[in-house]
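Beneath this line is the structure, given in structure tokens, with notes to follow.
Position 1 is the first residue of the sequence; numbering continues from there. In this text, all values refer to a predicted model and were calculated from it rather than measured experimentally. Remember, it's 1-based here, ligands and their atoms both numbered in the order they're listed.
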Amino acid sequence: MAEPAVFVIFGAGGDLAWRKLIPALYNLFLDKWLPEKFWILGQGHSRRSDADFRQHLRQGVDKFSRRGKSEDAAWDLFASHLAFIASELDDSQSYARLAKELAAKDKEWNVRANRIFYLASPPATTEVVVRELAKARLNLDRKRSRIVLEKPFGQDLASARELNRTLTNAFDESQIFRIDHYLGKETVQNILAFRFANTLFEPVWNRRYIDHVQITVAERVGVENRGRYYDAAGALRDMIQNHLLQILCLIAMEPPVSFNADEVRNKKVDVLRAIRPILPEQVQHYAVRGQYGAGWIEGQHIPGYRAEPNVAPDSPTETYAAVKLLVDNWRWQGVPFYLRTGKSLQARISEVSIQFRPVPHHTFPASAMLDWRPNRLIIAIQPEEGILLRFEAKYPGPAMRLSPVIMQFYYREAFRIVPPEAYETLLLDVVRGDATLFMRADQAEAAWAVVAPVLEAWGGIRPTDFPNYQAGTWGPEAADNLLAQDGRSWAMPTFLQCQEDIAVCRVTMAPSS
Ligand code: BG6
């Protein structure tokens, strides 16, 4: 059981607490992962009673918890640990009061509890909260006081450095937990298990056997009600700088010596530092941006991005980004990593596709090879979580004919349990003080350095072709060209691919049966 903990959530009236944090804490509570002694203090600036706050949070739990609607008895017990404090984020006195309340709680519990300061407030308020926490001396206990930050972690390299300076002036790096919620996803963590707990794959995990890697995070949703934030960010900042680069790190990193937070993070930073900088004059050959126009998704008409609430009618912000990256080290020299992400696409799919090289010599006659395809390993992150391996088999029948088949592992089938949400894993890690799955300062900065030349180039030239893809498609044509110039194409996402493979099998059966 974890040590006693107090969570102070700044901006607890907002969406993040409602949709993610409280449902995650509630599930941890139901699963008995939370310490027996815990207290959740939500800070917000509108006045409301504890009862009103709890009621609001319960609605969020009922809507977003993986378990569905909450039950009265369990909720009431959980809710007795919840309280609301109305204050302004820049009001020093409220922090002094908070310090007193926390000290009183320690006294009541007769133990020094872990204090987790969770910044769910707008990014612009981070500096003031950090400063005020320090003024109230709430930063001083290096072992027990922790601060948790959400992305966006800066707007670019310079602002990320500045933010790191602000944070490290008040907190030690070991107290700072920068969340990238992708790192809490089961399948993303499973990349480490898959690579480093098996002997089978590591020997082929390099430039000799791998042709290229594709990382896709496709979203069906548009910008929703986040136009204000998103229009100043765009897909490169919102997704590639963090989630997709983190996945790339897990795929490309060297084997860590141990599962120790710094060891794992050191190996990841090595990857980011090995990524070849994109030269300003080459950005157009390495990166593609897109913005959705009106279209249809599942029979529903979707407005174009520029018609979304809080988005400028002539917005140059990209809702789609694709980049080609090269990792300059022994293992990956010459193996391109293609990353793509976008909103209002045809399907919600996140997956990594590792395409192996063709066999060095074709043993079989051309007639046997009509459906031949190179081996491919797919790490499916969502909506399905699993791993699939495509290889060639002999198609049954008197003729020698090869056909791709798929060996599949799905979490839901193999373990028959609903995996925890990313936020559950990450919040529990914060309670335990385990920073393995969190971004260290140098990691965040190295990731900004990777995207910096693209940000700069895109920021300097207004796109003239926006919108350049229709909602409900797979993105702009230029993204296909990014791979076509290398003689490759984007892999069809897994389940569509599986369907296609089955179709291919049927077609090949026809002449021989
Ligand atoms: C967030 C981005 O970090 O990740 C959102 O800000 C995006 O724009 C979201 O929709 C995607 O997360 P998930 O877990 O739904 O893939």
Side-chain angles (χ1 to χ4, degrees), residues 11 14-21 23-24 27 63-66 119-123 148-155 160 177-191 215-248 250 289-292 297 302 305 308-311 315 317-321 339-352 379-385 411 418-427 437-439 444 447-448 451 471 475 493-494:
D15 233 34
L16 181 70
W18 195 58
R19 281 172 185 255
K20 298 285 186 192
L21 304 184
N27 279 318
K63 201 159 170 200
F64 299 108
S65 160
R66 64 183 160 88
L119 274 62
S121 43
V148 187
L149 291 112
E150 281 285 333
K151 60 178 270 272
F153 195 77
Q155 273 289 302
F177 290 73
R178 296 175 193 80
I179 287 219
D180 181 323
H181 80 280
Y182 263 64
L183 296 179
K185 290 184 191 264
E186 282 291 318
T187 330
V188 174
Q189 292 179 70
N190 191 42
I191 297 174
I215 303 175
T216 298
V217 178
E219 295 191 275
R220 196 181 264 167
V221 293
V223 67
E224 297 180 296
N225 54 358
R226 297 163 71 227
R228 210 178 301 278
Y229 150 75
Y230 196 88
D231 209 34
L236 194 67
R237 287 190 176 92
D238 186 48
M239 299 292 287
I240 298 220
Q241 186 272 343
N242 36 76
H243 308 325
L244 280 88
L245 280 181
Q246 285 302 310
I247 297 175
L248 183 152
L250 292 168
R289 56 179 159 170
Q291 188 191 75
Y292 62 87
I297 298 183
I302 308 292
Y305 174 70
E308 299 274 18
N310 297 318
V311 169
S315 169
T317 301
E318 80 283 356
T319 59
Y320 179 101
L339 279 50
R340 64 172 166 169
T341 185
K343 293 208 180 275
S344 290
L345 297 180
Q346 199 179 95
R348 174 176 183 247
I349 284 176
S350 300
E351 65 178 40
V352 181
I379 301 178
I381 296 169
Q382 60 193 23
E384 278 297 348
E385 300 189 299
Y411 260 83
V418 184
E421 288 276 338
Y423 271 95
E424 294 172 39
T425 307
L426 296 173
L427 281 165
L437 300 179
F438 296 81
M439 309 262 281
W448 277 117
V451 297
T494 328

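- Heavy atoms of Arg348 found under 4.0 angstrom from ligand 1 belong exclusively to the side chain.
- Looking only at distances, no side-chain donor or acceptor of Lys151 sits under 3.5 Å from a matching main-chain atom of Asp180.
- Under a 4.0 angstrom heavy-atom cut-off, Glu224 registers as lying outside contact with ligand 1.
- Atoms of ligand 1 lying under 4.0 Å from at least one heavy atom of Gln382, given by number and element, are 13 (P), 16 (O).
- Remark: ligand 1 atoms within the under-4.0 Å shell around heavy atoms of Lys185 are 13 (P), 14 (O), 16 (O).
- The distance from ligand 1 to the heavy atoms of Arg226 drops below 4.0 Å at these ligand atoms: 2 (C), 5 (C), 6 (O), 8 (O).
- No donor-acceptor pair under 3.5 Å is formed between the side chain of Arg220 and the backbone N or O of Ser344.
- Within 6.0 Å of CZ in Arg66 there are more than 12 heavy atoms belonging to other residues, nucleotides or ligands.
- From the protein, the heavy atom lying nearest to atom 12 (O) of ligand 1 is His181 NE2, 3.1 Å.
- With 3.5 Å as the limit, one finds a donor-acceptor pair spanning the side chains of Arg348 and Gln382.
- Tested against Tyr292, the residues Glu308, Lys343, Glu318 include a single side chain to side chain donor-acceptor pair (under 3.5 Å) partner, Glu308.
- Of the residues Thr319, Thr317, Asn310, the one that meets the side chain to side chain donor-acceptor pair (under 3.5 Å) test with Asp231 is Thr317.
- Put simply, the side chain of Arg237 gets close to the backbone of Gln155: a donor and an acceptor are under 3.5 Å apart.
- Among protein heavy atoms, the minimum distance from atom 7 (C) of ligand 1 is reached at Glu219 OE2, 3.3 Å.
- Close N/O approach between Ser350 and ligand 1 is not found [any backbone or side-chain N/O within under 3.5 Å].
- Using a 4.0 Å cut-off to heavy atoms of His243, the atoms of ligand 1 that qualify are 1 (C), 3 (O), 4 (O).
- When hydrogens are left out, the protein atom nearest atom 16 (O) of ligand 1 is Tyr182 OH, 2.4 Å; that is the closest non-hydrogen contact.
- Near Lys343, with a cut-off below 4.0 Å to any heavy atom, the atoms of ligand 1 are 5 (C), 7 (C), 8 (O), 10 (O).
- A donor-acceptor contact shorter than 3.5 Å is absent between the side chain of Trp18 and the backbone of Pro23.
- Using a 4.0 Å cut-off to heavy atoms of Asp238, the atoms of ligand 1 that qualify are 2 (C), 5 (C), 6 (O), 8 (O).
- Looking at ligand 1, you won't find any N or O of Tyr229 less than 3.5 Å from one of its N or O atoms.
- Within the 4.5 Å cutoff, the side chain of Phe438 has no heavy atoms near those of the Leu183 side chain.
- Ligand-side atoms of ligand 1 in range of Lys151: 1 (C), 2 (C), 3 (O), 6 (O), range being under 4.0 angstrom from any heavy atom.
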